[in-house]
Each structure stands twice: as C-alpha cells, then as structure tokens.
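Heads up: the structure comes next, in structure tokens.
All values below were derived from every heavy atom in this structure, side-chain atoms included, with hydrogens, water molecules and symmetry-related copies excluded. Every chain is numbered from 1 and lettered A, B, ... according to where its sequence line falls, protein lines coming before strand lines.
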2 protein chains.
Amino acid sequence: MHRETLQRYMNYLLLLTKLKSEGRATVTSDELAVREGVTGSRVRQDLSALRILGKPRQGYRIADLEILISSMLDILSAKPVALVGIGNLGRALVLSDIWSHAGFDLVALFDADPAVIGTAVAGIPVRDAATMERFIQEQGIESACLALPADKAQAVADRLVNAGVRAFWNFALIDLDVPAGIIVENQRLEQGLMALSFRIAKRNSDQARGPQD
Amino acid sequence: MHRETLQRYMNYLLLLTKLKSEGRATVTSDELAVREGVTGSRVRQDLSALRILGKPRQGYRIADLEILISSMLDILSAKPVALVGIGNLGRALVLSDIWSHAGFDLVALFDADPAVIGTAVAGIPVRDAATMERFIQEQGIESACLALPADKAQAVADRLVNAGVRAFWNFALIDLDVPAGIIVENQRLEQGLMALSFRIAKRNSDQARGPQD
DNA sequence: CCGGTCTCGGTACCCGGTTATCGATTCTAC
DNA sequence: GTAGAATCGATAACCGGGTACCGAGACCGG
Ligand SMILES: NC(=O)c1ccc[n+]([C@@H]2O[C@H](COP(=O)([O-])OP(=O)(O)OC[C@H]3O[C@@H](n4cnc5c(N)ncnc54)[C@H](O)[C@@H]3O)[C@@H](O)[C@H]2O)c1
Ligand SMILES: NC(=O)c1ccc[n+]([C@@H]2O[C@H](COP(=O)([O-])OP(=O)(O)OC[C@H]3O[C@@H](n4cnc5c(N)ncnc54)[C@H](O)[C@@H]3O)[C@@H](O)[C@H]2O)c1
C-alpha cells in the first residue's frame, strides 16, 4: 500500500471520530471525499478494499468504518512503547494523547540526566537510562521512541535493539543504522516546514502569473 | 508536483549536505537513487526537470544540485516567521535548527502565560500574545507556527490572518478554517505513529506467512 | 589511438492510482 | 404503488509517475 493511500485511511479515521462526536451514525462516500480532495469513487474503492459495504442512499455505518480501518492499521492493540530522552520534545510527546490513538501504550520513560531521573511526567516515572535494557527485556517492549540528541541516538538504538526493540519512532536528525527487520519511522519535522516553504513560493509565483481560471 | 516527488527533492538535499561534509564534489544518479529506493532513471528525470545537467561517467556537481534544489524549494530566502505557544513543543521547535534549513527566520515568540512572557528562548524574547497583531504588522511577518492547545488555535489563527499572516505551520489537533489563499500545513505527529503501527502489523503478518522470496 | 566501460539524456512503455460511467438498490414523495 | 432521486458497487478509461532501454559522450587502460 502506498503512503498516500495509508494517509487517506488515517484521515478517514480522524474525520469519523469528529462526525461521531457530532452524533452522526452514517456517512456517504462523497462526504469523506471532499475533505480529502478526492472523488467519491476513490473513497468507495478504498472502503471496498477493506470489504466494507455501504447501503445505497444511506452511506456507510460510521461504527463499521472505525472498527475496520482501526483494525487494518492495528491501532486497537495497545502495544507497549518506551520513550527515551525527556527533553522539551519528549515531554510534549508524553503529554499528548496520540499514543492511545495510534495503538500504543506509553509505559516507560528514560533519560540520562540525573536532574530528571526520578521525576514523573503525566504520571509516568522517568527511569535511569542505565537500567533501560533490563526493563525493556522484562516488560517485553518492542517499540521505542527516540527524542534525544542526534549524536546519542545511534548508541541508544543499538542498546535497545539488543534488548529486543524491533520498531523505532525516531526524532533525532540522523539515519539510524539497524539490522534487517527492524523498522525505523523517521519523523522529520524539517520536511513539513520545507513543504510549507515550497507551497508559499508556488502560491506567490502563481499569483504573479495571474490566476489561469 | 506530487508530495512524493517533493519529498524526494528534500531528501536529495539532506543527503547532499551529508556527502558534501564528507568532501565529495560530485554524485551519480544511482547513488542518490538507492537511498530513496528508486531507480537512477527517476533521479535523472527529477534533476532534468530542474534543468540540472550532469556529465557522463562523472555524475552531477553537488554544489549545483544544492543551489538549484534549494531555490526551487525557496529555502534560501529567510522568510520571517513567528511562533505562538511556548509550551514544551514550542520550546523544542525554537531550540531546533530547522528554521534556517527550510528558509525561515524565527523572529518572534508569543504566549499568553504571564509566567513565560518576558523570558527568552534561544535568545529570542517571549512577547505577550496580546501585542501580537501590532508586532506582526509592523514587521511584515507573513508566516506563523501554531504550537498551542486545539481550542485556542482557531481564535489565534483568525487574529493572525487579520494581522497579515498568510501561511501557517499548525501543530494543534484541529482543522483550521481560513480564507482562500491562506496556506495551512498541518503537522500531525499522530500520522507518523499510525504509520509505524501499520508497518509493524504488516511486518508481523508477513513474517507469519513466511518470506515469499 | 582505440576498444571497453561507465553514466548521462531522452524516449517508449508499463503499471497502478484516480476518475468517469453505468446499472442496481433503497428511500422519499405523492 | 410508482416515479424519481440518491447512493452504492463494479468496470472501464485516463493519466502521470516510475522503469527499462538505448544512443551519446567521457574517461580508462593498454
Ligand atoms: N525535525 C525533527 O525531527 C526535530 C525537531 C525538534 C527537535 N528534534 C531533535 O529531537 C531531539 C530532542 O529535542 P529536545 O528539544 O527535546 O532536546 P533536549 O536537549 O531538550 O532533550 C534531550 C534529552 O535527551 C536526554 N539524553 C541525552 N543523552 C541521553 C542518553 N544517552 N540516554 C538517554 N537520554 C539522553 C537529555 O538528558 C535530554 O533530557 C534533539 O536531537 C533535536 O535535534 C528533532
Ligand atoms: N500530533 C501533533 O501535532 C501534536 C503532538 C504534540 C502536541 N500537540 C499539540 O501541540 C500543542 C502544544 O503542545 P505543548 O505540549 O507545547 O502544550 P503546552 O500546554 O505545554 O503549551 C501550550 C502553550 O500555549 C500557550 N497558550 C495557550 N493559549 C494561548 C493563546 N491564546 N495565545 C498564546 N499562547 C497561548 C500556553 O500558555 C502554553 O505555553 C497542544 O495543542 C498539543 O495538543 C500536537
């Protein structure tokens, strides 16, 4: 599955949550389509691929969509995850509620700074990074989020792989070198900002040329 | 231009910076290709679209690539930008060095909390959000980053649009409603985490079925 | 100097994502 | 009950990004 498609599914889910909170029980393909900038046709094909059936003149049942899309993304499972690096970024991530939304359960925080070890963030204690391997192994944690300086990330990742971690959400500005089979999802905030820059440049040049429609 | 293509250009740029720091002066299309998981053909077409010429048996001059890709993304320009919401996330963004890499110059910070107003982060003073409009107008700032709670984001965005802001980098978990022509680039960290969840589920099911190759 | 090899530039083709279209089904209105 | 509108499901057509391929230029070794 391509990234665009995956992103569409995620956006459907985000939108469904909103619709449900408004009391809606069903939704049509065209409604989902306009929010995504695609046609109803595309939406119907997306849902069809998940074996989701709708009813003519009624649409799709929101509850069905939520369950099926969620299970495809495997975000119902509460996979335990650890976060290493309780700086500004780490703290913001801990305090956000994205973990449960994406099927993770944030169960452990680690840092190397004595000033933060022993404190708690969002009720989760910050442990000494020196004790990391043991805790990870004992708890069977297979996912980790890295929010620490680029020059520390590779060494920490190596230790975590040894302890059994098989998937990383990496914020450090470095390409991690990991064994085959280990997943690294890099979160490069730079890219969002560069994309914004490009869109600004494009809009400005389009307006300078004058709208063509 | 599609998002995938844009992302490829950005990755070329990131990689070029690294190569240059290693003392390299030229790079071949195949070298750039393997890092991106595409063929040399695709890279040559990408570069050809930017009117970048290489030399047979030598490759492309890294300096040329950097300048042309950078200018396409318009990241040489140092556009002034303001950041609103100096919480954990805002602080992490201020302290990162992504702004200059993406063609922006972070010139102003705003918050509503008296406890942080008057302090400074990375040498930039935090101003009272009440004085936001005036400063934005006087400085001619047209870009803003929103790192504040979802229920405050729309009101702040409205005020900023009135003051002249025409592009947003939005971290609040809400779909901003803005006039036509105003750009909103949403940074949804949830998506990265959901993508990780999906990749984990896919790997696990693939392994269960056994490698097919 | 010359064949061999490497890599670029351009072209043709392919594939899959997207849209368009049409028949089938269900609900509403009278 | 029937006409009409709305919406789904399926299929076909379209389009553009990606790949394969080939000829041309550049460097190397002998
Ligand atoms: N584009 C992006 O993805 C992006 C954006 C912002 C920041 N970042 C990066 O995220 C990282 C964290 O940012 P931040 O503002 O929170 O930085 P920070 O300095 O505030 O936090 C880093 C934390 O990591 C801890 N740490 C250092 N070495 C460690 C180790 N070996 N084991 C465990 N913990 C260790 C430190 O004690 C500190 O608490 C930085 O590398 C920054 O460059 C990336
Ligand atoms: N997926 C994501 O994109 C993602 C991830 C993490 C956090 N977030 C969001 O980012 C936002 C900030 O996160 P955080 O951890 O820094 O929160 P935070 O509470 O630490 O910081 C919010 C800051 O905004 C300030 N603020 C509130 N109202 C304001 C106003 N009207 N004008 C100016 N400033 C105002 C507060 O004083 C505070 O300093 C939150 O909304 C959070 O949900 C999003």
Exercise for the section: May I have the distance from A:R3 (atom CZ) to C:dG16 (atom C1'), rounded to whole angstrom? Expected result: 19 Å
Practice task
Ignoring backbone atoms, test whether B:T28 places a side-chain nitrogen or oxygen under 4.0 Å from the OP1 or OP2 oxygen of C:dT7.
Solution key: no
Handout entry: From D:dC8, D:dC21, C:dT21, nucleotide with atom closest to B:S41 side chain
Key = D:dC21
Exercise for the section: Would you classify B:Q58 as touching base, sugar-phosphate or nothing, given that sugar-phosphate means primed atoms plus P, OP1 and OP2, and contacts are heavy atoms under 4.0 Å? Expected result: sugar-phosphate
Handout entry: Nearest-Å distance for atom pair NZ/P, residues B:K55 and C:dG9
Key = 11 Å
Exercise for the section: Report yes or no: do B:N88 and A:N88 form a side-chain donor-acceptor pair below 3.5 Å? Expected result: no
Handout entry: Distance, rounded to the nearest Å, where A:E36 contributes CD and C:dT19 contributes P
Key = 12 Å
Practice task
Return no unless some side-chain N or O of B:H2 is found under 4.0 Å from OP1 or OP2 of D:dG16.
Solution key: no
Completion exercise
Whole-Å distance, A:L65 CG to D:dC8 C1', equals 13 Å
Completion exercise
Quick note, A:Y60 side chain, CB onward, closest among D:dG18, D:dG9, D:dA26 is D:dG9
Exercise for the section: Kindly say whether, by distance alone, the side chain of B:R44 makes a donor-acceptor pair under 3.5 Å with the base of C:dT7? Expected result: no
Handout entry: B:D30 CG to C:dT7 C1', straight-line distance once rounded to whole Å
Key = 8 Å
Handout entry: A:R61-A:T26 side chain donor-acceptor pair, cut-off 3.5 Å
Key = no
Handout entry: Donor/acceptor link under 3.5 angstrom from A:E31 side chain onto base of D:dT7
Key = no
Practice task
Give one of base, sugar-phosphate or nothing for B:G59, where a contact means two heavy atoms less than 4.0 Å apart.
Solution key: sugar-phosphate
Practice task
Return no unless some side-chain N or O of A:R8 is found under 4.0 Å from OP1 or OP2 of C:dT18.
Solution key: yes
Problem - Phosphate OP1/OP2 of D:dG9 contacted by A:S48 side-chain N/O (<4.0 Å) - result: no
Practice task
Would you indicate whether the side-chain heavy atoms of B:L146 and B:L160 approach each other to under 4.5 Å?
Solution key: yes
Problem - Phosphate OP1/OP2 of C:dA20 contacted by A:R42 side-chain N/O (<4.0 Å) - result: no
Problem - Spacing between B:L53 atom CG and C:dT7 atom P, to the nearest angstrom - result: 18 Å
Practice task
Give a yes or no on whether a salt bridge exists between B:E4 and B:R42, defined as a side-chain N under 4.0 angstrom from a carboxylate O.
Solution key: no
Problem - 5'-most by nearest nucleotide on DNA chain C - B:Q45 or A:M1 - result: B:Q45
Problem - Under-4.0 Å side-chain N/O to phosphate OP1/OP2 contact, B:S29 with C:dC8 - result: yes
Fill in the blank from the handout: Rounded to whole Å, the CD-P distance (A:Q7 to C:dT18) equals 12 Å
Problem - Side-chain H-bond candidate by donor/acceptor type, B:N11 with B:Q7, under 3.5 Å - result: no
Exercise for the section: Please check the phosphate of C:dT19 (OP1 and OP2 only) for any side-chain N or O of A:T39 closer than 4.0 Å. Expected result: yes
Practice task
Locate the shortest heavy-atom distance separating A:F135 from A:A108; write the atom from each residue and the value.
Solution key: CE2-CB, 3.5 Å
Handout entry: Euclidean distance, atom CZ of residue A:R51 to atom C1' of D:dA10 [Å, nearest integer]
Key = 14 Å
Practice task
Could you check B:P56 against A:E4 and say which one's nearest nucleotide on DNA chain C is further toward the 5' end?
Solution key: B:P56
